Protein chains: 2
Amino acid sequence: MHMYDSLFVFLSQLNTVSGELKEAITRCLTKQELKKKTLLLQEGKVCDRVYFIEKGLARAYYFMDGQEITSWFMKENDMIISVYSFFSQRISYENMELEEDSILISITNKDLQMLYRQFPEFNFFGRVLTEDYYVRSEERIISHRMQTAEQRYEALFKSSPSLFNRVLNKHIASYLGMSAETLSRIRKKRK
Amino acid sequence: MHMYDSLFVFLSQLNTVSGELKEAITRCLTKQELKKKTLLLQEGKVCDRVYFIEKGLARAYYFMDGQEITSWFMKENDMIISVYSFFSQRISYENMELEEDSILISITNKDLQMLYRQFPEFNFFGRVLTEDYYVRSEERIISHRMQTAEQRYEALFKSSPSLFNRVLNKHIASYLGMSAETLSRIRKKRK
DNA sequence: CCTATTTCTTGATATATATCAAGCAGTTTT
DNA sequence: AAAACTGCTTGATATATATCAAGAAATAGG
């Protein structure tokens, strides 16, 4: 078992990775074991790393009128960035934080751009992954616009029941675009 | 002036396009002059083309409780697809329609995938464009979550004043996530 | 284990925006 | 040019969900 196998298994599901490319990527990677509550990105800074979650769970959030609003949760086998900041390389409005002790593999944006230039075929992976996460984002937008608070709760509970054991209800509430009180009332009705 | 110059000027701002790639792309392209109200995609079908708008304006919308909700407007020098349907190749929930007589250049998804396989460096363009539109989508999400109806109107009016002369107010209203009546009341206050 | 802190629940009230309805103003059709 | 649409405006009312407040339950710290 090699150090970055979890990541390369993930990538090889999208396309074959040549030996030469694999070596070049490996030279750029870093692996970290980090504690719950570690801040991966702080608002006001530029997101300059992509992380792959080998184990654990992360959350992105921003502040609005002093309140934390959760943008997303990501877990094992997910790639994470703060989309706006990473792709535009401008200051982030959101924070990224670990919600569990986690094992992360990461690469800097600079190294990533170097690999994209040096190995044109590496853009295939970047393209497909960006498309994939963009689709997920669209699904959330449409769910948010077409469903009531209660329907959004139902849909999330059905698609990711285990999430409710891993994060606080108030974070799920703001992720679903409702107050913690509203979520509590919905949950009461449902049991 | 060649037939697809508008598109190649657009692409060459992202990276150089080799002669061989340019020829291969050109063989896959189609140019159409289409009338206002032409439906580019109908809900229930799969989006199987990317369009580049050389001239004109398009709008995407879907139905909710019998009402049209506008997802986006795109104009000259924009690439358009129905993100969810095109990238996932599943049935579309949205329609795409021309709001003005337009000139469009397009390529089928099948040809696009062929080019991605045959010219690895072509993925560079797909990646960068996807990142760019994903960032714009994020900006709209955050504007929607952090601003009131009135603030969203102000921001759009400031960033795209000309849009108000090109499309109906009711479409702008649903794009901004408010009723036509609310938009009307906001506009009244502001003049 | 006891105490302190944070999270969750429940009720009362407030509010932004939607919905309904009807008239007016443009635009297109005949 | 009248008739028929369609879009826009304005007022009255409705509603989903937020906010405020305070107690109960759960979790974490010493």
Side-chain angles (χ1 to χ4, degrees), chain A residues 35-39 57 59 61-70 73 95 97-101 140-157 161 163-191, chain B residues 35-37 57 59 61-70 73 95 97-101 140 143-157 161 163-191:
Chain A
K35 287 281 170 203
K36 180 172 172 168
K37 301 212 170 165
T38 302
L39 210 56
L57 194 144
R59 178 175 75 94
Y61 61 93
Y62 57 90
F63 287 94
M64 182 181 159
D65 305 329
Q67 295 221 314
E68 264 186 29
I69 310 289
T70 296
F73 299 103
N95 303 277
E97 183 180 304
L98 294 179
E99 295 292 311
E100 297 177 354
D101 295 351
R140 271 182 284 138
I141 293 172
I142 201 69
S143 146
H144 212 272
R145 285 191 113 178
M146 293 190 81
Q147 300 185 305
T148 63
E150 195 159 346
Q151 291 171 322
R152 297 195 299 274
Y153 168 79
E154 291 295 346
L156 182 66
F157 189 80
L163 188 63
F164 292 78
N165 307 319
R166 298 177 76 176
V167 301
L168 294 175
N169 278 336
K170 62 174 185 173
H171 293 153
I172 289 183
S174 71
Y175 174 71
L176 289 173
M178 65 183 79
S179 67
E181 292 92 330
T182 296
L183 178 61
S184 174
R185 284 184 253 265
I186 288 171
R187 301 199 72 183
K188 187 186 180 183
K189 272 207 287 188
R190 302 253 81 243
K191 60 179 180 198
Chain B
K35 287 281 169 204
K36 180 172 173 166
K37 301 213 171 167
L57 193 145
R59 178 175 74 95
Y61 61 93
Y62 57 90
F63 287 94
M64 183 181 158
D65 305 330
Q67 295 221 313
E68 263 187 29
I69 310 288
T70 297
F73 300 103
N95 303 276
E97 183 180 304
L98 294 179
E99 295 292 311
E100 296 176 354
D101 295 350
R140 270 182 285 136
S143 146
H144 213 273
R145 285 190 114 179
M146 292 190 80
Q147 299 185 308
T148 63
E150 196 160 345
Q151 291 172 321
R152 296 197 298 274
Y153 167 80
E154 290 295 346
L156 182 64
F157 190 80
L163 188 64
F164 292 79
N165 307 318
R166 298 177 75 175
V167 301
L168 295 175
N169 277 335
K170 63 174 184 173
H171 293 153
I172 289 182
S174 72
Y175 173 70
L176 290 174
M178 65 183 78
S179 68
E181 293 93 329
T182 297
L183 178 61
S184 174
R185 283 185 255 265
I186 288 171
R187 301 200 72 183
K188 188 186 181 183
K189 273 206 287 187
R190 303 253 81 242
K191 61 180 176 196

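Worth knowing before you read on, the calculation uses all heavy atoms, side chains too, and leaves out hydrogens, waters and symmetry mates. Just so it is clear, the structure is predicted and the values come from calculations on it, not from any experiment.
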To the nearest 0.5 Å, what is the distance between [atom1] on [X] and [atom2] on [Y]?
X	Y	atom1	atom2	answer
A/Glu150	A/Met178	CD	CE	8.5 Å
A/Leu168	A/Glu68	CG	CD	9.5 Å
B/Lys170	B/Gln67	NZ	CD	9.5 Å

Can you sort out which residues in residues 146-153 of chain A have a heavy atom within less than 4.0 Å of DNA chain D? Ascending by number, please. A/Thr148, A/Ala149
Taking only nitrogen or oxygen atoms into account, show me every contact under 3.5 Å that the protein makes with nucleotides 18-26 of chain D, one pair per line with its distance.
residue	atom	partner	partner atom	Å
D/dA18	OP1	A/Ser179	N	3.2
D/dA18	OP2	A/Ser179	N	3.1
D/dA18	OP2	A/Ser179	OG	3.1
D/dA18	OP2	A/Thr182	OG1	2.5
D/dT19	O4	A/Arg185	NH2	3.1
D/dC20	N4	A/Glu181	OE2	2.9

What's the shortest heavy-atom distance between [X] and [Y], and which atoms?
X	Y	result
B/His171	B/Glu99	ND1-OE1, 4.0 Å
B/Ser179	B/Ala173	O-CB, 3.7 Å
B/Tyr175	A/Arg145	O-NH2, 3.3 Å
B/Tyr153	B/Phe164	CE1-CE2, 3.5 Å
B/Ile172	B/Phe73	N-CZ, 4.0 Å

Whole-Å distance between [N] [atom2] and [X] [atom1]?
X	N	atom1	atom2	result
B/His144	C/dT17	NE2	P	10 Å
A/Lys189	D/dA16	NZ	P	10 Å
B/Leu183	D/dT9	CG	P	8 Å

Sidechain N-carboxylate O distance under 4.0 Å for B/Arg166, B/Glu100: yes
Using a 3.5 Å distance criterion without hydrogens, assess whether the side chain of [X] forms a donor-acceptor pair with backbone atoms of [Y].
X	Y	value
A/Asp101	A/Lys36	yes
A/Arg152	A/Leu176	yes
A/Thr70	A/Ser174	no
B/Gln151	B/Thr148	yes

What pairs with A/Phe63 under ring pair (Phe, Tyr, Trp, His ring centres under 6.0 Å), at least two apart in sequence or on another chain? A/Tyr61
Can you name the atoms? Protein N/O to nucleotides 24-30 of chain C N/O, anything below 3.5 Å, with the distance.
none

Between the opening five pairs and the closing five pairs of the helix from C/dC1-D/dG30 to C/dT30-D/dA1, how far apart are the helix axes, to 10°? 50°
How far apart are the C-alpha atoms of B/Arg140 and A/Ile141, what are their side-chain angles, what is the distance that settles it, and do they pass the side chain to side chain contact (heavy atoms under 4.5 Å, CB included) test? CA-CA 10 Å; B/Arg140 270 182 285 136; A/Ile141 293 172; over 6 Å; no
Respond yes when some side-chain nitrogen or oxygen of A/Lys188 is under 4.0 Å from OP1 or OP2 of C/dT9, and no when none is. no
Every protein N/O within reach of nucleotides 6-8 of chain C N/O, cut-off under 3.5 Å:
residue	atom	partner	partner atom	Å
C/dT7	OP1	A/Lys170	NZ	3.3
C/dT7	OP2	A/Lys170	NZ	2.7
C/dC8	OP1	A/Asn169	N	3.0
C/dC8	OP2	A/Lys170	N	3.2

